[in-house]
Structure formats: C-alpha cells, structure tokens
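Numbered from 1 within each chain, the chains take letters A, B, ... in sequence-line order.
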There are 2 protein chains.
Amino acid sequence: MTGGDLWTLYRTGLAVLTEGSLSGAGRLLGLSQPTVGRQVEALEAQLGRGRLFTRSQRGLLPTETMLAMRPHLETMASAAAAAARAGSGGSEELAGVVRITASEIVGGEVLPGLLASLRSAHRGLVFELSLSNRTEDMLRRDADIAVRMVQPAQKALVSRHIGKVALDLYAHESYARQYGLPQSVADLAGHALIGFDRATPFLNAAAQGLALDRNLFALRLDNDLAALAAVRAGFGIGPVQRPIAARDPALVKVLPGAVAFELEFWVVMHEDLKRTRRMRAVYDGLVEGLTRHVGQGKRG
Amino acid sequence: MTGGDLWTLYRTGLAVLTEGSLSGAGRLLGLSQPTVGRQVEALEAQLGRGRLFTRSQRGLLPTETMLAMRPHLETMASAAAAAARAGSGGSEELAGVVRITASEIVGGEVLPGLLASLRSAHRGLVFELSLSNRTEDMLRRDADIAVRMVQPAQKALVSRHIGKVALDLYAHESYARQYGLPQSVADLAGHALIGFDRATPFLNAAAQGLALDRNLFALRLDNDLAALAAVRAGFGIGPVQRPIAARDPALVKVLPGAVAFELEFWVVMHEDLKRTRRMRAVYDGLVEGLTRHVGQGKRG
DNA sequence: TATCTGCTATTCATTCTTGAATGACCGGCG
DNA sequence: CGCCGGTCATTCAAGAATGAATAGCAGATA
C-alpha cells in the first residue's frame, strides 16, 4: 500500500488523466505501468470515494470525481513547472529559464531579435517560448512573462503598457506588379485577400474598422506566421503590423489610410517574480525592446 | 539518492521552508528528520543550483533561490488542498468538504444559521470556515466559496451581488440607561466608542461617511466578533450591521440616520467549481440565505 | 560552570516501493 | 481466420527510501 504522499499520487493521477492509460502515463513519468497502476489504486484508496477511473482494456476513463479534481491538478502542475523555473537559476545570478508567451507574430517576428540581444548580454539566460493567440493564464503560471494585446485585469500582475501598433494592408511588390493594387475599399473584392481562419485579435480589431466578411478571403489560415509568409510570397493582400512591414522594403502599403486598426501592446509579469533578477531583466528588456519596436512603426 | 519524484521533494521543501527546520518539517509531514534531510539534499541536487537552505544548528534558513520558489510552492499546496476537497466527495453526490471564507462577523453571526439549514438538507456536507478580514486569494483556491465585501475583479470567478447592508451605531440598552445616548455627532466624543485596531472594511467605509479619528475610540480591537460582543455587553457604542442588530431587541440605534455607511455583499466561487453539485448547492444556498439576511436589514 | 533542550549529521537494519516478466484480453487488419 | 499491437493485472526479486538510534553541536537556564 503506497503511503501518504499525496502529491506524488496527484501527479500520476493527472498523468493518467491526460494520457488516458496507465502505460502512457508510465512513459510520460518514467515509471512502469504496474507502478502507475498501484499509485492510482492508492489515490483511490486515499480519497475513499471509490474508483477514479473506469478500467477498460483500451485505457482508463476518468470518472466524474476525477474530472472535478482536474483543474486543481493542472494548477498544481503549472505551479510545479513555475517552481522549477524559479529554482533552476539562482535568483541572484542572471541565469536560468524564462518562459514567455506571446502571439505567433510577435514570437516569430519580434521576439527573436530582442531575445538574442538579451542573451548576448546575459549568457546564462535560457528562453522558452509558448506562442499562441489565446491568452494563457498568467495566474496559473503557465508562463513567466507575457506579451499581450489586451490589458490584464488581475491585480496580482504587474504590467506595462507599451503602446499601439498600427495594422495596415500590405502586398508584396511582385503581387502589385502582376495584379495592380486596389484604389478603393470596394476594389478589394477583386483581389486575393489573406485572412484568418478563426477569430484572432487581428480579426476582432479588423471587424471594428471595416466590415470584413470571412468569405471574402482567398486564403484563410489559422497560422499568423504562415499568413505573413503568404503576403511576403506575393500571394495576395493581408494585414501586417506596420513595424514589421517597415523592415521589408518590398512590401507596399495598400490603400494607405483607408483601413486602420491598431493593436495595444502590454508586457505582463506575475507580481511574485518582480524580485527575481533574471525575470526582472527580461521584463525590462522586453519593455525596452518592444517600445523601440513600436516606435519604428510611427515613422514607417 | 532519492529519485526523480519532484513533487514530493517540493512538498517537503515547502514544509522545511515554513517550519524552519528538518525536524519540524518531519513532524508536519509525518516523516523522520533524516528522511526530510535527504529529500532536501535530493531537491538541491535536482535543481543543480547549490544549496537551497543554509544549515545551522538552530534550523535551516532559506536561500534566495528557495525564496523565489516559495510562491509557486504555496500555489501548489493550495491546489493540492483544493484537489483533495474536490476528490473527497463524488461530484454527483451532495457530500464532501466545502471550504468557505468570509469576514469574522459574517462567519460568526450569519453563516452558522445558514450552514445549519444547508446541512440539515444535505447530511453529507462538511464545512470548513476560514474567517479573516483580508480577502483570501480565490484564484489560488485557498477556499471554494467566498463571501466578500468587494466585487471580485478576476473573470475566472463567478460572483453574485447580494445587496447592501447598512451599518449603524448601536449600544446596548444597559449602556443607554447608565450613560444616556448622544444626541449629536459631536456628543460622540464623550462616549465610549468601540472601534477597530487596524484598517478593516468597516473602518474604510466609516472613514468615508464620517471623520473618525482612531484615537477617539475607548476600545480598539482587532477582532470584529469581540467588538460586537463588547457592544452587546454594554461597554459602549459601536457599528453593527443592521440585520444583526435587528435580531437583538436590547440593542438600540444611536444617532439614527446621522451616520450611514453600507457594505456590499458578494458571493464568489471559482468557475471550475460550477459543475460540482455540492459546490453549486452551497453557493446557491448562500446566495439565497444571504439575500434573505440582507433583506431583514431593510425593515430593521 | 554544568545541565538541558533543541537542532543537524551519520549509520545500519528494515520495510516498502519499484520494475521486469508473464498472462490475459480486446480490436484492427491482412 | 489468425496475427499483431495495444492495453491492464499479477507475480517476485532487487533495489531504494525509510526510521530508530546515536553522536555532536549551539544556545538558554540555573
């Protein structure tokens, strides 16, 4: 009978829940299948509410009780990962892992340069990037620092408003040569528009300034970086952040001034991390670098 | 060398941090002191950043790195406790532990009656009460349900606005007989006022309606229930929530209408718990009972 | 100064957990 | 139909973590 160490049992319970089988959880945790099985039994015994999983030959299906525990166990896992990052580097030295979440565009186009210079200044820094357009839960510590498009509501977070970045429609000059450029918003209907498959901050912002029908787009992507690549490749016309477009002289602005939407930029960090030197350094570096980046859009 | 189960090591690390010694942590966890010592060593080895504690003959002092990990480990602990509560009762049955946080006054004067009727309806319910005036962190799952005086800002929480409760000054009739009652706000200076030692929601609210000097009070308490008891015992004049005063005919209102401040009532629960039946039942029960309670103040 | 209490570090026998191997079961596929 | 890949359950030997006991140290107390 496995003893009273509930935290271990929670960890394997969560692994079984996410993997769906004892064997899978074992592979994930580096344990054997019998061990995982015993620990699940032990967890069930500890809680005393009967089975947490319904066993089948094709895996384990969670019971209602287990599902009720799930969010808490996920919180534990996030906190454990955060603790590992916090402990991986001394808080004195400027070394260790920093996990950053940002949108795909920012992570692919803006951050690499910034992080490179941060790392050249502080060799011990190691970065993890989590790129997605949904805003991850900073309070659950899925990331240490976030670059956001919306102001954070929670007050356990320290945040810095960087500024606004304008989005304009751009096309590659090769496209412009071949097809010409629209002269009015109505002209857009005859062109190859590149848009987004599902709701994104871009689309939300765009919908305010312009009545954009999803069916208008000749290419719909759920990947912002690929969409940007499509614009650069001359496929068609799509929205690009002005500072990013400014770096590529082959990109020409389409209908300048006719469509204008803006994105806010925020850098967000959990209050607890303020005193950890490397977190602070990265935070400050991001604030400075993004401020510079946003500024480049002004004259672009 | 203790193996790779980090979660266990985190748990004992946190215990050592809070207890300040290996022996103390051992007592807390039900482990022996050598075991705790070995696990701390193992944790230090895993993180690879040198010692997490500076050993001394009088205990272990956390190092900066350990302090950086602390908030994450506490989050883990809170989540573990929440998971235990979630798993302690099936989510189907109306049984299991529900942890509620509220102010001292609400917990001492209002909740007992409400919880009693809830429990008579559902025998399997077990309640934990955490009474304090600081608002605990619901996002860290220190409690399942909170009765609050302020609107929650986080959107991961479901909340229900109950209404306002008026605070008035009251005195026991025995006090009134002996000393008489003030006829004006200026008269208050000559009376025995019961107030609060440190800033509380009451004092904050009071400070807005009336210029109250802390030095005016003849009895300062950091315990709201004791303050209420002092009013009931005839020590002097103090603020009492109207619905609570209404239940005791021996309490007489002082300077009716002259001083009037109000408290908001909110019931708050984490989004994740919405579908757990017993949480939902307690939440609904609290909403209903508190609404009734607040209503009693209206005609009081 | 001597004593007492609390702490950490170390040792060693014990206990407990673990993993490899095996058997059994189910579903998909040739 | 029979085989294969996947799963869980069970057994048993090996290994690892554990606890009791001991020694040593520092500070408080008389």
- Item | B/Leu31 CG - C/dT17 P separation (whole Å) | 13 Å
- Checking B/His122 side chain against B/Gly124 main chain: does a donor-acceptor pair fall under 3.5 Å? no
- Message: Enumerate the salt bridge (charged side-chain N to carboxylate O under 4.0 Å, His left out) contacts for residues 76-87 of chain B, please, sequence neighbours excluded, ordered by first and then second residue.
- Response: B/Arg85-B/Asp144
- Item | Separation of atom CD in B/Gln39 from atom C1' in C/dT17, rounded to whole Å | 14 Å
- Note on the structure: Given protein heavy atoms under 4.0 Å, the one-letter contact record of nucleotides 21-28 of chain C, with B base, S sugar-phosphate only and - none, is simply B---SS--
- Item | Among D/dG19, C/dT18, D/dA9, the one nearest A/Arg55 by side-chain distance | D/dA9
- Query: Taking only N and O in the side chain of A/Ser32, is any of them less than 4.0 Å away from OP1 or OP2 of C/dT18?
  - Reply: no
- Message: Can you list everything that forms a side-chain contact (heavy atoms from CB on, under 4.5 Å) with B/Ser32? Sequence neighbours excluded, please.
- Response: B/Pro34, B/Thr35
- Message: Rounding to an integer number of Å, can you tell me how far A/Glu41 CD sits from C/dT18 P?
- Response: 12 Å
- Item | Set of side chain to side chain donor-acceptor pair (under 3.5 Å) partners for A/Arg55, sequence neighbours left out | A/Glu44
- B/Arg51 has an atom CZ; how far is it from atom C1' of C/dA9, in whole Å? 12 Å
- Item | Atom-to-atom span, CZ of B/Arg38 to P of D/dG15 - whole angstrom | 19 Å
- Note on the structure: For A/Thr63, the side chain to side chain donor-acceptor pair (under 3.5 Å) test, sequence neighbours excluded, returns none
- Rounded to 10 degrees, the angle between the two terminal axes of the helix from C/dT1-D/dA30 to C/dG30-D/dC1, each from five pairs: 20°
- So which of residues 17-27 of chain A are in contact with DNA chain D, with a heavy-atom cut-off of under 4.0 Å? A/Ser21, A/Leu22, A/Ser23, A/Arg27
- Upstream residue (5' side of DNA chain D) when B/Gly30 and A/Gly59 are each assigned their closest nucleotide: A/Gly59
What donor-acceptor contacts under 3.5 angstrom involve side-chain atoms of residues 15-23 of chain A, with partners at least two apart or in another chain?
unit_1, atom_1, unit_2, atom_2, d
A/Thr18, OG1, A/Leu14, O, 3.3
A/Thr18, OG1, A/Ala15, O, 3.1
A/Ser21, OG, A/Gly24, N, 2.8

- Value in whole Å for how far the C1' atom of D/dT7 lies from CZ of A/Phe53: 15 Å
- Message: Does this structure show an ion pair linking A/Glu41 with A/Arg38, if we count only N-O contacts that are shorter than 4.0 Å?
- Response: no
- Sorted by chain and number, sequence neighbours left out, side-chain contact (heavy atoms from CB on, under 4.5 Å) with B/Ala102 holds for B/Val106, B/Leu111, B/Leu131, B/Val147
- Item | Non-neighbouring partners of A/Ala83 that pass side-chain contact (heavy atoms from CB on, under 4.5 Å), sequence neighbours left out | B/Tyr10, B/Met69, B/His72, B/Leu73
- Listed partners of A/Thr54 passing side chain to side chain donor-acceptor pair (under 3.5 Å), at least two apart: none
- Task: Return the set of residues passing side chain to side chain donor-acceptor pair (under 3.5 Å) with A/Glu74 (not counting sequence neighbours), or none when no residue passes.
- Result: A/Arg70
- Task: Round to a whole Å and report the spacing from CG of B/Asp5 to C1' of D/dG15.
- Result: 17 Å
- Message: What is the distance, to the nearest angstrom, from the CG atom on B/Leu29 to the P atom on D/dG19?
- Response: 10 Å
